[in-house]
Enquirer: 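Here it is, the structure in full.
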Amino acid sequence: MDCRETILNVDLQKLRDNAAHMIDLCADHGVQITGITKGCCSDRGIVEALIDGGIRSIGDSQIHNLQKLEGLDLERWMIRIPAPQEADALIRYAEVSLQSEKVTLEAVNRAARELGKTHKVILMVDLGDLREGSFDKRELLEQVSFVTDQSHLELYGIGTNLGCFNFIRPDQEKMQALLELKNAIGEEIKIVSAGNSSGINLMRSGGMPEGVNHLRLGESILVGRERETFTYLEGMHNDAFILEVPLVECKTKPSMPIGTIGRDSYGNSPKPVDIGERKRGILAIGKQLTDDQTIFPVDPKIQIVGSSSDHLIVDLSDCDINYRVGDRIPIRLGYFAIMRAFTGAGIRVKYCN
Ligand SMILES: *Cc1c(COP(=O)(O)O)cnc(C)c1O
């Protein structure tokens with residue numbers, strides 16, 4: 001029996017719509033996309049919906065997630081710089097990877113030779129966000145000639161990542177820098193990959209120069225959000241993932257704790273504010289399976305007070321609905337909460353078409 005009573009409803013039609021909408025929007029600007037599904041651990045049901053929506057290329061940051069996608073009509077991208085010891089699995093379960101280190105490229109070429117395959121490489125360049133990629137042009141050009149010299153590697157393109165670590169905004173200057181690097185390469189390359197969901201605004205405003213032709217999009221497809229300004233995109237769904245969590249306690253309690261306040265698991269002291277007695281509920285979920293910063297109760301009058309490992313404390317005082325213990329409370333999930341829901345095994349997933 002499945003005894004997991006917290007249920008995640010995934011609306012596949014909304015995800016199909018989001019994929020189709022994003023493909024059209026990007027095509028208008030000469031941009032192809034790879035759908036990034038690390039947020040849902042490349043759940044196969046979801047990836048199939050994205051394929052129905054027109055996606056032909058899927059990326060994830062874990063090879064074991066890509067492994068789930070065997071047999072689907074897809075090009076699979078490994079988007080976290082792989083470790084040298086992952087080379088064999090990489091060749092088996094991904095056709096494309098983002099790369100930035102020569103030792104790893106050597107290992108990948110060796111594994112590809114052993115398995116009789118050719119692997120496509122996107123060389124990453126760092127334009128200032130200071131996460132992955134070659135920082136200077138000379139290193140990039142050395143890697144270009146290294147890749148083109150290998151028997152089982154194909155230089156597929158170059159890519160960059162902005163708005164991921166220091167949240168540096170993609171702008172025309174960065175895109176020009178990327179294009180200049182592409183031109184310096186001299187080889188024919190198919191892909192110039194400008195980044196993630198933080199590149200959509202720039203693209204929509206016509207700021208993507210010709211020749212920059214690819215984006216890797218995760219959050220915008222799953223939750224319809226543009227990342228540079230953190231706004232929802234019109235015409236897209238942001239409620240494809242609704243979690244239903246049982247209410248396990250409902251009592252009136254003071255808002256001020258009684259006793260001396262110590263430290264939490266991060267070493268901080270909570271700073272409660274006295275707002276009198278409140279009607280408080282406990283939902284059967286906590287930090288283990290969700291992220292209390294990126295969840296949004298469907299009833300806007302429910303306020304989230306906080307969470308511990310397995311309990312989510314909510315304030316129900318202002319609600320028009322008289323919630324009772326045993327009710328399932330619907331909560332719309334944002335990106336990190338979706339990620340938690342799929343990473344743990346504690347939530348039952350239900351698809352609706
Ligand atoms: C996660 C990730 C993406 C997708 O980012 P979103 O903001 O979800 O669109 C793209 N590229 C790389 C390298 C990533 O790690």
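For ligands, and for the atoms within them, numbers begin at 1 and follow the listed sequence. Values in this document were obtained by computation on a predicted structure and should not be read as measured data.
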Enquirer: Hey, is E173 close enough to R169 for a salt bridge, meaning N to O under 4.0 Å?
Expert: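 Salt bridge between E173 and R169, a charged N being under 4.0 Å from a carboxylate O: no.
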Enquirer: Can you give me a line-by-line list of nitrogen or oxygen pairs between ligand 1 and the protein shorter than 3.5 Å?
Expert:
unit_1	atom_1	unit_2	atom_2	d
ligand 1	8 (O)	E219	N	2.8
ligand 1	8 (O)	Y335	OH	3.3
ligand 1	9 (O)	S197	N	3.0
ligand 1	9 (O)	S197	OG	2.5
ligand 1	9 (O)	G218	N	2.8
ligand 1	11 (N)	R216	NE	2.9
ligand 1	11 (N)	R216	NH2	3.4
ligand 1	15 (O)	K38	NZ	2.8
ligand 1	15 (O)	R131	NH2	3.2

Enquirer: Regarding S193 and R216, do their side chains bring together a donor and an acceptor under 3.5 Å, going by distance alone?
Expert: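 Their side chains do contain a donor-acceptor pair, which is all the 3.5 Å distance test asks for.
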Enquirer: Not counting sequence neighbours, which residues clear side-chain hydrogen bond (donor to acceptor under 3.5 Å, both in side chains) with S307? List them please.
Expert: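 With sequence neighbours excluded, S307 shows a side-chain hydrogen bond (donor to acceptor under 3.5 Å, both in side chains) to K287, D292, given in chain and number order.
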Enquirer: Using residues 96-106 as the side-chain source, report each donor-acceptor pair under 3.5 Å to any protein atom, sequence neighbours left out, with the distance given to one decimal.
Expert:
unit_1	atom_1	unit_2	atom_2	d
S97	OG	Q99	NE2	2.8
S97	OG	H119	NE2	2.7

Enquirer: Under the rule for ring pair (Phe, Tyr, Trp, His ring centres under 6.0 Å), what residues qualify as partners of H214, not counting sequence neighbours?
Expert: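 Result, ring pair (Phe, Tyr, Trp, His ring centres under 6.0 Å) vs H214: W77.
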Enquirer: Determine whether the side chains of N322 and K279 contain a donor N or O and an acceptor N or O closer than 3.5 Å.
Expert: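 Yes, a side-chain donor-acceptor pair sits under 3.5 Å.
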